[in-house]
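Notes to accompany the following structure.
Hydrogens, waters and symmetry mates are skipped; everything else that's a heavy atom, side chains included, is used. Naming convention: chains lettered A, B, ... in sequence-line order (proteins, then strands); numbering from 1 in each chain.
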Amino acid sequence: MSENVRVRFAPSPTGYLHVGGARTALFNWLYARHHGGTFILRIEDTDKQRNTTEAVQVVYDSLRWLGLDWDEGPEIGGDHDPYFQSERDAIYESYFQRLQEGGHLYQDKDGGAWRFRFTREVVEVDDLICGPVAFDFANVEITPDMTIRRPDGSWIFHFVNVVDDIEMRMTHVIRGEDHLPNTPKHLQLYRALGVVPPRFAHIPLILNKDGSKMSKRDQGASINSYIEGGYAPEAVRNYFCLLGWSPKDDTEVLPLDQLIARFDLDAVNRKGAHFDIAKCDWFNGQYIQRMPMERYLELAQPWLAQAGIVAPTEQLEPVLALEKMKVTHFREIPDRISFFFTEDYAYDLAAVEKTLRKPGALERLAQIAGTYSVLETFDAMTLEAKLKELAGSLGVKPAEFIHPTRVAVSGRGVGPSLYHMLEVLGKGRTLARIQQTLTRFAA
RNA sequence: GACCCUAUCGUCCAGUGGCCUAGGACACUCCCCUUUCACGGGAGUAACACGGGUUCGAAUCCCGUUAGGGUCGCCA
């Protein structure tokens with residue numbers, strides 16, 4: 001039982017990380033962390049033309065964004081360096097030699113490619129998730145021998161994948177269910193090489209909500225879309241965990257330490273999961289509400305910077321706090337708070353039409369400005385009390401003051417709670433903005 | 001077409017023979033809170049694919065059908 005778990009994520013760099021791949025990486029990572037094992041990243045870049053350094057960078061960025069750190073692999077190193085298949089030629093060569101010496105290989109007549117001769121029998125895969133699954137290799141027509149090396153000397157996935165898993169001492173191979181039919185072929189390779197294979201666990205695929213296959217273009221398919229869409233990585237990670245796995249009670253929002261403590265392969269589902277971005281959005285909102293102010297500020301920062309909103313934290317924090325319980329994506333934030341940072345904010349035409357153009361609106365604006373101008377304390381509670389007092393004394397509804405004031409100081413019909421918004425704005429700016437509005441719409 | 005996997009509300013999950021007139025969450029509808037927009041609270045609509053078995057008893061076990069998905073590359 002002292003077996004040290006070693007698992008890996010072995011993506012082919014294609015320029016983006018698919019949600020399915022990310023989830024595979026996540027399950028491997030979780031499994032490693034749960035069992036105190038080692039999580040390895042290996043880049044399967046045997047297809048030379050298609051793989052670029054930028055594409056590899058995308059893999060790193062996506063994994064790191066999700067918080068999936070690897071213990072061995074590119075940029076980290078490890079006992080089994082290098083972690084790029086393109087740099088492991090000598091190793092493959094020696095394994096190829098072993099197969100050849102064992103009489104397992106032959107060269108194709110026409111092309112000259114090298115094939116591995118399957119043993120013609122039933123091979124059983126004892127999958128940790130799917131259970132025992134038998135594949136019959138008896139018919140050569142149905143399962144022709146597998147090509148492992150091209151005529152130009154380059155290697156085929158099946159071969160290098162198995163060699164690396166042997167070399168890197170993998171104990172468990174957790175991968176997408178699309179690999180299940182490949183597994184008996186890989187098992188034949190292990191046997192021919194005289195190596196005890198790792199345990200296999202095939203996790204269900206992720207499909208679109210309607211059940212169709214997720215392609216690059218579909219919403220939520222690329223990890224980049226979350227980075228660019230204003231998601232909190234911890235929220236996305238939590239949502240991904242629940243795609244094909246559940247803690248078995250009804251908890252859904254689970255902190256990372258809980259996820260690690262509770263995750264295990266025996267609780268992984270067999271049914272394919274349909275992806276629902278709406279639920280992912282809900283998780284994001286929940287995480288934003290619950291996260292500490294510092295983290296909230298940290299994640300909002302890039303979005304503010306991009307929108308040209310720069311201000312010291314002391315000024316930013318109270319403004320952002322106003323939206324913390326309301327926002328679902330960080331990308332929404334700049335637009336919602338931009339009016340705080342310029343006196344030249346735009347007036348929403350519909351809001352102006354609906355409230356400022358209303359008969360008596362400007363008079364009431366002047367009245368509330370008068371009331372507020374004499375206040376010593378300018379906090380939400382006082383502001384609310386005074387506004388209601390004024391409305392009451394004039395026999396009008398508070399709304400007749402609230403709406404014009406909101407539009408006057410922010411230019412819009414919707415926003416944070418009025419009194420809290422005014423408190424953050426402060427007395428000076430509040431009065432100036434009302435005055436500015438009065439002047440502007442007086443005619 | 002062959003082989004393999006799967007089958008509970010629209011979606012994600014719970015349920016491993018009686019506790020199920022099937023539970024939670026998202027989404028949707030309505031109500032409350034809030035004279036903004038949200039959050040929050042409450043209520044509601046909504047599912048065991050179908051047909052045979054096994055059993056005193058089946059969402060749970062077996063068989064078949066159907067449906068969905070996957071794999072059959074000198075892609076990974």
Side-chain angles (χ1 to χ4, degrees), chain A residues 10-14 21 44-47 50-51 85 108 110-115 125 127 129-131 133-137 139 141-144 146-158 160-161 175-185 202 204-213 239 241-253 267 269-283 285-286 288-289 322-328 332 336 351 354-355 387-388 391 397-403 405-407 410 412-418 421:
Chain A
S12 175
T14 57
E44 306 217 331
D45 57 347
T46 52
D47 190 342
R50 214 168 65 183
N51 301 305
Q85 288 190 331
D108 228 27
D110 11 286
W114 289 90
R115 286 181 178 267
V125 176
D127 192 89
I129 293 167
C130 301
V133 186
F135 293 86
D136 193 354
F137 282 75
N139 192 329
E141 303 295 316
I142 295 171
T143 51
M146 160 171 77
T147 307
I148 64 162
R149 190 173 201 180
R150 302 186 188 88
D152 68 0
S154 60
W155 310 99
I156 302 291
F157 158 76
H158 302 287
V160 290
N161 185 267
R175 53 172 29 164
E177 195 191 275
D178 49 334
H179 282 295
L180 185 55
N182 286 332
T183 307
K185 301 176 182 179
H202 289 90
L205 265 20
I206 297 178
L207 307 166
N208 283 315
K209 193 175 177 187
D210 66 3
S212 62
K213 188 174 178 175
Y239 174 63
C241 281
L242 266 25
L243 251 22
W245 173 80
S246 97
K248 299 298 178 198
D249 56 21
D250 289 326
T251 52
E252 294 198 301
V253 178
N269 283 136
R270 299 198 198 177
K271 191 173 68 165
H274 292 198
F275 183 84
D276 187 1
I277 194 71
K279 183 132 188 183
C280 188
D281 288 349
W282 176 78
F283 268 99
Q286 289 297 309
I288 291 175
Q289 282 183 33
L322 254 17
E323 293 289 338
K324 191 165 183 284
M325 303 307 276
K326 311 172 73 158
V327 81
T328 50
E332 305 161 24
R336 299 175 78 136
K354 193 177 169 193
T355 61
L387 185 144
K388 286 183 171 168
K397 292 176 180 171
E400 298 299 323
F401 286 95
I402 292 172
H403 297 309
T405 307
R406 171 186 300 290
V407 177
S410 72
R412 1 183 133 182
V414 298
S417 152
L418 178 73
M421 174 164 73

- Message: Go nucleotide by nucleotide along RNA chain B from the 5' end; which of A/Trp245 and A/Ala399 gets its closest nucleotide reached first?
- Response: A/Trp245

- Note on the structure: Applying ring-ring contact (aromatic ring centres under 6.0 Å, His included) to A/Phe275 and not counting sequence neighbours gives A/Tyr239

- Query: Is the glycosidic torsion of B/rC9 within 90° of 0, making it syn, or is it anti?
  - Reply: anti

- Task: Would you classify A/Glu141 as touching base, sugar-phosphate or nothing, given that sugar-phosphate means primed atoms plus P, OP1 and OP2, and contacts are heavy atoms under 4.0 Å?
- Result: nothing

Are there any protein N/O atoms within less than 3.5 Å of an N/O atom in nucleotides 18-23 of chain B, and if so, which ones and at what distance?
none

- Message: Could you tell me how far apart A/Ile277 (CD1) and B/rC12 (P) are, to the nearest whole angstrom?
- Response: 14 Å

- Message: If you assign A/Thr143 and A/Pro416 each to the RNA chain B nucleotide with the nearest heavy atom, which residue ends up on the more 5' nucleotide?
- Response: A/Pro416

- Message: Counting the atoms with a prime plus P, OP1 and OP2 as sugar-phosphate, which does A/Pro247 contact under 4.0 Å by heavy atoms, base, sugar-phosphate, or nothing?
- Response: nothing

- Message: Applying a 4.0 Å non-hydrogen cut-off, can you work out what A/His403 is touching in the nucleic acid: base, sugar-phosphate, or nothing?
- Response: sugar-phosphate

- With the side chain counted from C-beta on, respond yes when A/Lys326 and A/Glu332 share a heavy-atom pair under 4.5 Å apart, and no when they do not. no

- Roughly how many Å is it from CZ in A/Phe283 to P in B/rA25, rounded to a whole number? 12 Å

- Message: Would the base of B/rA25 count as contacting A/Lys279 through its side chain, where contact means a donor and an acceptor less than 3.5 Å apart?
- Response: yes

- Query: Taking the side chain of A/His274 as its heavy atoms from C-beta onward, which of B/rC74, B/rU11, B/rA76 lies nearest to it?
  - Reply: B/rU11

- Is any side-chain N or O of A/Thr46 closer than 4.0 Å to OP1 or OP2 of B/rA76? yes

- Message: In this structure, how many angstroms lie between the C1' atom of B/rG40 and the CD atom of A/Gln286, rounded?
- Response: 10 Å

- Query: Whom does B/rU55 pair with, Watson-Crick or G-U wobble, provided both distances fall under 3.5 Å?
  - Reply: none

- Query: Can you check the A/Lys271 NZ to B/rA67 P distance for me, whole Å?
  - Reply: 18 Å

- Query: To the nearest angstrom, how far is A/Leu387 atom CG from B/rU36 atom P?
  - Reply: 13 Å

- Item | Check: A/Thr405 side chain, A/Phe401 main-chain N or O, donor-acceptor pair, under 3.5 Å | yes

- Spacing between A/Arg149 atom CZ and B/rC75 atom C1', to the nearest angstrom: 18 Å

- Task: Would you mind classifying the nucleic acid contact of A/Ser417 as base, sugar-phosphate or nothing, using non-hydrogen atoms under 4.0 angstrom?
- Result: base

- Item | Nearest to side-chain heavy atoms of A/Arg115, which nucleotide of B/rA76, B/rU36, B/rC74 | B/rC74

- Query: Within the structure, does a side-chain N or O atom of A/Thr147 lie under 4.0 Å from either OP1 or OP2 of B/rG73?
  - Reply: no

- Message: Please name the nucleotide paired to B/rG40 by Watson-Crick or G-U wobble geometry with both distances under 3.5 Å, or report none.
- Response: B/rC32

- Confirm from the modelled atom types if A/Lys326 and B/rC37 form a donor-acceptor pair under 3.5 Å, side chain to base only. yes

- Message: It should be established whether A/Ser12 places a side-chain nitrogen or oxygen under 4.0 Å from OP1 or OP2 of nucleotide B/rA76.
- Response: no

- Item | Stepwise side chain to side chain contact (heavy atoms under 4.5 Å, CB included) test for A/Thr46 and A/Val160 | CA-CA 9 Å; A/Thr46 52; A/Val160 290; 4.0 Å; yes

- Query: In terms of side-chain heavy atoms of A/Ile142, which of B/rA2, B/rA27, B/rC5 is nearest?
  - Reply: B/rA2

